[in-house]
Amino acid sequence: MQSVNESQPLPTLTLDGEQVAFTPGETVYEVAVRTGKAVPTLCYDPRLEAFGSCRLCVVEVAGQQVPVASCTTKAEAGMEVTTASAHVEGLRRTLLELVASENREVTVDALRGHASQELGTLVQRYDAGRGRFEGAQSGSSRPDDGNPFILRDYDLCISCYRCVRVCAEQEGDYAISVANRGFETQITVEFGGHLQDSACTFCGQCVQTCPTGALADKKALRFAE
């Protein structure tokens, strides 16, 4: 990597035993992905401000007592990072088992949306079955929402908030919001109503960022029937 100023070489960190240069301001996650590391995440969308809610992107940093979310941790000169130790991979598998345990299913039709396969792919990668933590589901679907464009299948929702954030940060519509807390968390619209009665413009950004297919493209699914 070339330095911005030849008289001031870029700072470096150690990533899985290799020295890597980075641009000031980059996060550990951005550095890791740029160098080909397969760090998983479910709440991350490069268009959005890093959120750090899913914790799948945790990495070990020398000197830190516990793993840190790489998507919200800024790279620092001299930092020593391990992205896939046995401990970290074990944490990721447990987190995925917990997430998958709340969903009706993790394997969904790819036509639901661009990112709809992310959860299923990670569950398969980590062999994170649902049996160990299987129990009640936190999502509450809205089959009564008769709009012709977006399926609101919240039995598949993992509360990553990507839909809420893309609606606000990219579209400026704020049509989608979060209600309640903890296990009762729900993705909703104003007054718990239907999308056509909200500020939604049906741009489809929420569908395309959803990593589980909880929001789906009705038109694409009808085309496949």
Side-chain angles (χ1 to χ4, degrees), residues 25-27 29-30 33-34 39-57 69 71-72 99-100 102-123 137-181 184-225:
E26 277 190 295
T27 63
Y29 178 79
E30 289 171 330
V33 171
R34 176 167 53 76
V39 178
T41 182
L42 283 171
C43 69
Y44 184 80
D45 183 319
R47 300 170 298 169
L48 306 175
E49 183 177 351
F51 195 56
S53 66
C54 75
R55 313 307 288 182
L56 284 174
C57 73
C71 70
T72 57
V99 169
E102 293 187 26
N103 279 32
R104 185 185 70 241
E105 57 188 319
V106 295
T107 302
V108 300
D109 193 324
L111 291 176
R112 282 184 172 241
H114 174 73
S116 63
Q117 307 302 294
E118 288 185 18
L119 175 60
T121 297
L122 287 176
V123 167
Q137 296 176 356
S138 61
S140 181
S141 292
R142 293 300 302 267
D144 60 318
D145 192 326
N147 80 82
F149 305 111
I150 298 176
L151 176 67
R152 301 169 68 191
D153 190 3
Y154 294 135
D155 285 345
L156 305 182
C157 179
I158 59 172
S159 298
C160 67
Y161 305 148
R162 280 163 64 168
C163 60
V164 176
R165 292 183 292 136
V166 78
C167 186
E169 295 177 29
Q170 290 291 302
E171 296 302 313
D173 290 331
Y174 298 90
I176 312 173
S177 59
V178 181
N180 305 323
R181 301 178 65 181
E184 302 301 321
T185 297
Q186 298 287 331
I187 305 301
T188 186
V189 298
E190 190 175 20
F191 304 119
H194 296 171
L195 284 176
Q196 62 262 37
D197 300 322
S198 72
C200 179
T201 61
F202 296 100
C203 67
Q205 292 284 6
C206 59
V207 171
Q208 296 309 313
T209 196
C210 179
T212 67
L215 295 173
D217 185 335
K218 284 186 175 180
K219 184 176 180 180
L221 291 174
R222 286 197 302 268
F223 180 78
E225 291 177 353

For the [atom1] atom of [X] and the [atom2] atom of [Y], what is their distance to the nearest 0.5 Å?
X: Arg165; Y: Gln205; atom1: CZ; atom2: CD; value: 13.5 Å
X: Leu156; Y: Ser116; atom1: CG; atom2: OG; value: 10.0 Å
X: Leu195; Y: Cys206; atom1: CG; atom2: SG; value: 7.0 Å
X: Cys71; Y: Leu56; atom1: SG; atom2: CG; value: 10.0 Å
X: Leu48; Y: Thr209; atom1: CG; atom2: OG1; value: 6.0 Å
X: Cys43; Y: Arg162; atom1: SG; atom2: CZ; value: 8.0 Å

What I'd like to find out is whether the side chain of Val189 reaches to under 4.5 Å of the side chain of Cys200, using heavy atoms alone.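 A side-chain contact under 4.5 Å is absent here.
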
Using side-chain heavy atoms (C-beta onward) and a distance below 4.5 Å, is Glu118 in contact with Leu42?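 Glu118 reaches Leu42 side chain to side chain.
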
Does [X] reach the main-chain N or O of [Y] with its side chain, forming a donor-acceptor pair under 3.5 Å?
X: Thr212; Y: Ala214; result: yes
X: Arg222; Y: Pro148; result: yes
X: Gln186; Y: Ser140; result: yes
X: Arg112; Y: Leu151; result: no
X: Arg152; Y: Asp144; result: no

Mind telling me whether Phe51 and Tyr161 have parallel, tilted or perpendicular rings, with 30° and 60° as the class edges? perpendicular

Looking at every non-hydrogen atom in both residues, tell me the closest pair between [X] and [Y] and how far apart they are.
X: Thr185; Y: Asn180; result: OG1-O, 3.9 Å
X: Gly25; Y: Glu30; result: O-OE1, 4.3 Å
X: Ile150; Y: Phe202; result: CD1-CD2, 3.9 Å

Only one of Lys218, Arg142, Arg104 forms a salt bridge (charged side-chain N to carboxylate O under 4.0 Å, His left out) with Asp153, so which one is it?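 Exactly one pass, corresponding to Arg104.
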
Using a 3.5 Å cut-off and no angle test, enumerate the donor-acceptor pairs between side-chain atoms of residues 168-179 and protein atoms at least two apart in sequence or in another chain.
residue : atom : partner : partner atom : Å
Glu169  : OE1  : Glu49   : N            : 3.1
Gln170  : NE2  : Arg47   : O            : 3.1
Asp173  : OD2  : Thr201  : OG1          : 3.4

Taking it one step at a time, do Val108 and Gln117 satisfy side-chain contact (heavy atoms from CB on, under 4.5 Å)? CA-CA 7 Å; Val108 300; Gln117 307 302 294; 3.8 Å; yes

Take Leu111 and Asp217 through the test side-chain contact (heavy atoms from CB on, under 4.5 Å) and record every step on the way to the result. CA-CA 7 Å; Leu111 291 176; Asp217 185 335; over 6 Å; no

The test is side-chain contact (heavy atoms from CB on, under 4.5 Å); show your working for Gln196 and Asp145 and say whether it passes. CA-CA 8 Å; Gln196 62 262 37; Asp145 192 326; 3.0 Å; yes

Verdict with supporting geometry, Glu105 and Asp155, side-chain contact (heavy atoms from CB on, under 4.5 Å): CA-CA 8 Å; Glu105 57 188 319; Asp155 285 345; over 6 Å; no

